[in-house]
There are 2 protein chains.
Amino acid sequence: MESYTEENYLKVIYHLSNLTTGTVQTNAIADKIQTRPASVTDMMKKLAEKQLINYVKYQGVTLTEKGKATAVNIVRKHRLWELFLVNTLNFKWDEVHEIAEELEHVNSPLLIERLDEYLGYPKSDPHGDPIPDKNGNFDSPALIKLSKLKPAEKGIVVGVSEHSSSFLKYLDKIKLTLGTSVEMIEVIEFDGSVDLLIEDTRKNVSREVASHILMRTT
Amino acid sequence: MESYTEENYLKVIYHLSNLTTGTVQTNAIADKIQTRPASVTDMMKKLAEKQLINYVKYQGVTLTEKGKATAVNIVRKHRLWELFLVNTLNFKWDEVHEIAEELEHVNSPLLIERLDEYLGYPKSDPHGDPIPDKNGNFDSPALIKLSKLKPAEKGIVVGVSEHSSSFLKYLDKIKLTLGTSVEMIEVIEFDGSVDLLIEDTRKNVSREVASHILMRTT
DNA sequence: AATTTTATTTAGATTTATCTAACTTTATTA
DNA sequence: TAATAAAGTTAGATAAATCTAAATAAAATT
C-alpha cells in the first residue's frame with residue numbers, strides 16, 4: 001500500500017511523463033506538488049526503493065510498470081469521482097477537481113467497481129479525459145492539429161510534429177508550450193494563420209506553425 | 001482544521017460519551033482506536049490545547065461544545081455516506097462501515113450538502129442511526145436495548161450499537177434486521193440470554209448480542 | 001575552456017503520530 | 001490501612017514527510 005503522499009507523487013509523475021514522453025525532472029515535480037526539490041529527492045529515493053520508479057541521480061525519473069499501474073488506478077478513481085460529482089450531484093465541471101483530489105485516495109476497490117457500474121462504465125470524464133477501465137486500459141484521445149481546431153473549440157497542447165530548435169524556441173517565446181490550454185478564435189482565410197487565446201492572451205500564429213502543434217480537445 | 005487522526009479521536013470520544021453519558025477514560029479510547037494509552041494521553045493534550053476537549057489528568061475527558069460540533073459533523077458525514085452506499089451503490093448494510101470510515105474524512109462541506117440533498121435529507125442511516133442535519137441537530141428516538149425489554153413487550157429493531165461485520169452478518173443470519181418486529185418471551189436468569197419471538201419464530205440470543213440491539217417499543 | 005547559472009542532492013532539523021519502558025496516581029482488596 | 005492491581009502519564013525513540021542551508025553536478029554562456 002502506498003501512502004496518500006506517495007500516491008500524489010506517482011500521479012504527478014504520470015501526468016508529467018505523458019507530456020514529455022520521457023523522464024521527469026525533480027524541479028518539475030516540485031513545482032506541481034508545491035514542495036521543495038529537496039523533498040522530491042527524498043521521495044524519489046523512497047519510491048525507487050519500492051520499485052515504483054526508476055531513479056538515476058541528477059537524471060530524473062521514469063515510472064516502472066508497477067508505478068504506472070498504480071498511477072493509472074489513481075487517475076481512474078479521480079475521473080470516476082469527477083463524473084459522479086457532475087452527473088449525480090449536479091456539480092459544474094470546474095468545481096470538481098479539488099474534491100476528486102481527496103476522493104481519489106479512498107481505498108476500496110469494491111467501491112470503485114460499484115461506482116463504475118453505477119455510472120455505466122463511462123469512457124471519459126467531464127473534461128473529456130479518458131477513464132481507464134479496471135485493468136488500466138483506456139482509449140487515448142484522438143489528437144488533432146491546432147490548425148484544424150474549429151472556432152470556439154478548446155484544447156491542450158500535447159505534442160509537436162517538428163523538433164527543430166528554432167521552432168521549439170519560438171513556441172516557448174509565445175508561451176505555446178506543452179500542457180498549455182488554447183482556444184481557437186478564428187482561422188484567417190487570407191493566409192491560413194490562426195487567431196488564438198493562449199492562457200487569456202490573444203495571439204496570431206502562422207498556418208505553418210499551427211500545423212505542427214498537436215492538440216487534445218477539451 | 002483537524003487532522004484525519006484528530007477527527008478519529010473526537011469521533012471515538014463522542015461515541016463513548018454517548019454510552020457512558022460522562023467522561024471518557026484513556027484506556028477506553030485506546031481500546032477503540034487500537035492504540036496505546038500513552039498515545040492517547042499525547043493526543044488528549046493536543047486536543048485540549050485546541051479547546052476540543054476538557055482534559056483533567058488521570059480523570060478522563062469530555063468534549064467541549066466545539067469538539068462536540070466537530071464530532072457530530074463527522075458522524076453526519078459517515079452516516080450520509082453509508083446511506084449513499086446502500087441506496088445508490090447497492091451495498092449491503094454490513095459492507096459499508098469500513099468504506100464510510102474513509103469517506104467521512106473527505107473535507108468538502110459543499111459535497112456533503114449536495115449528497116444530503118441528493119439523498120432527500122434523510123433522518124436515519126441503514127443501521128437506523130439518526131443523521132444529524134447541517135446544524136448538528138437530530139432526533140434521538142427513545143430507544144431501549146433489546147436486553148431490557150420486559151416479557152411480552154414488543155418492539156422494532158431500529159439500530160445497533162456495534163458495527164462489526166461479524167455482528168451484522170450474525171443478525172442477518174438470525175433475521176434480526178432493521179425493522180424486524182420482536183417480542184420478548186423471557187430473560188434466562190442463568191446467563192442473561194433472551195428468548196425471543198422473531199417474526200413468529202422462537203429464538204434464543206445471548207445477552208451480549210441483545211445488549212447491542214436498539215429497539216423502539218410498539 | 002572558464003565562469004556563471006540552474007538543477008539537484010546532502011546534511012541536519014522539525015512536526016505529527018506513534019511506540020516502549022519506567023514511573024505515578026487512583027482504585028481495590030485483604 | 002497497607003499492599004496490590006489497574007489506570008494513566010512521562011520520558012525518550014522512531015518513522016514519515018517536510019523544511020532550510022550548504023554542497024555538488026549539469027547546463028548555458030561568455
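This one's a predicted model, so the numbers in the text were calculated from it and none came from an experiment. Quick note on labels: first sequence line is chain A, next is B, and so on, each numbered from 1.
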Is the distance from OP1 or OP2 of [N] to the nearest side-chain N or O of [X] less than 4.0 Å?
{"X": "B:Y9", "N": "C:dT18", "result": "yes"}
{"X": "A:Y55", "N": "C:dT8", "result": "no"}
{"X": "A:T41", "N": "C:dT9", "result": "yes"}
{"X": "B:K57", "N": "D:dT10", "result": "yes"}

Closest to side chain of A:T26, choosing from C:dT24, C:dA21, C:dT9: C:dT9

Look at the side chain of A:D42 and decide which nucleotide, out of D:dG8, D:dC19, C:dT18, has an atom nearest to it.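 Selected nucleotide (nearest to the side chain): D:dC19.
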
Side chain to side chain donor-acceptor pair (under 3.5 Å) involving B:H163 - partner list, sequence neighbours excluded: B:D129

Taking only heavy atoms on the protein side, list every residue of residues 27-36 of chain A lying under 4.0 Å from any atom of DNA chain D, sorted numerically. A:T35, A:R36

If you measure from the Lys or Arg side-chain nitrogens to the Asp or Glu carboxylate oxygens, is any gap between A:R202 and A:D195 under 4.0 Å?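 Looking at A:R202 and A:D195, the cut-off is met.
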
Report yes or no: do B:H105 and B:N8 form a side-chain donor-acceptor pair below 3.5 Å?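 Result is yes, a qualifying pair exists.
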
What do the steps show when you test B:E2 against B:L52 for side-chain contact (heavy atoms from CB on, under 4.5 Å), and what is the final call? CA-CA 10 Å; B:E2 284 68 50; B:L52 293 161; 3.9 Å; yes

Hey, could you give me each pair passing side chain to side chain donor-acceptor pair (under 3.5 Å) that has a residue in residues 55-72 of chain B? Not counting sequence neighbours. B:N54-B:T62

